[in-house]
Amino acid sequence: MSDQPLTEAEIELALSDLPGWSHTRDKLERTWTFGGHLAAVAAASAVGWIQEQRNHHADLTIRYNKLTVSTSTHSAGNKVTAKDTELAGTVSALLD
Ligand SMILES: C[C@H](O)[C@H](O)[C@H]1CNC2=NC(N)=NC(=O)C2=N1
């Protein structure tokens, strides 16, 4: 998969297929809210397995019952690439 940064138009197009995700500060980001803390921790663990398979690792932040997934591509100068839009779609399919 390409490590080239996506253009703003390409990111907007990708976001139309990624409900709940936003593009802020050169990252794709989405927060999920769960029934409790352990559900958020379990979700983060599942996302971790997906990330290891891809060798592409979003930042995962847990705040009690919320999990925020925030992804950019370091090797593209911390910009959004197809690796991020693909990861976002896969994480959404898992957690929604
Ligand atoms: C060497 C290895 O391919 C890189 O460090 C991988 C690992 N995980 C990564 N994760 C993210 N989010 N961006 C990267 O550029 C990246 N690169």
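The model shown is predicted, which means the values in this text are computed figures rather than measured ones.
- With rounding to the nearest 0.5 Å, the separation of CG in Leu87 from CD1 in Ile50 is 7.0 Å.
- Side-chain contact annotation: Glu52 with His57, donor-acceptor N/O pair under 3.5 Å present.
- Using modelled atom types, one finds no donor on one side chain facing an acceptor on the other under 3.5 Å when comparing Thr81 with Asp3.
- Between Val69 and Leu60 the shortest side-chain heavy-atom distance falls below 4.5 Å.
- Just one of Thr31, Thr33, Thr61 meets the side chain to side chain donor-acceptor pair (under 3.5 Å) condition when paired with Lys66; it is Thr33.
- The number of heavy atoms from other shown groups lying within 6.0 Å of CZ (Arg63) does not exceed 12.
- A donor-acceptor contact shorter than 3.5 Å is absent between the side chain of His37 and the backbone of Asn65.
- Using a 4.5 Å heavy-atom cutoff, the side chains of Leu67 and Leu95 are in contact.
- The distance from atom OG of Ser72 to atom CG of Leu28, rounded to the nearest 0.5 Å, is 8.5 Å.
- By the 4.5 Å heavy-atom criterion applied to side chains, Val91 and Trp32 are counted as neighbours.
- Contact annotation: the side chain of Thr71 approaches that of His56 to within less than 4.5 Å [non-hydrogen atoms, C-beta and beyond].
- Remark: the backbone N or O of Glu10 is paired with a side-chain donor or acceptor of Thr7 at under 3.5 angstrom.
- Sorted by first and then second residue, the pairs that involve residues 25-35 and meet salt bridge (charged side-chain N to carboxylate O under 4.0 Å, His left out), not counting sequence neighbours, are Asp26-Lys79, Lys27-Asp59, Arg30-Asp96.
- Using modelled atom types, one finds no donor on one side chain facing an acceptor on the other under 3.5 Å when comparing Glu12 with Ser16.
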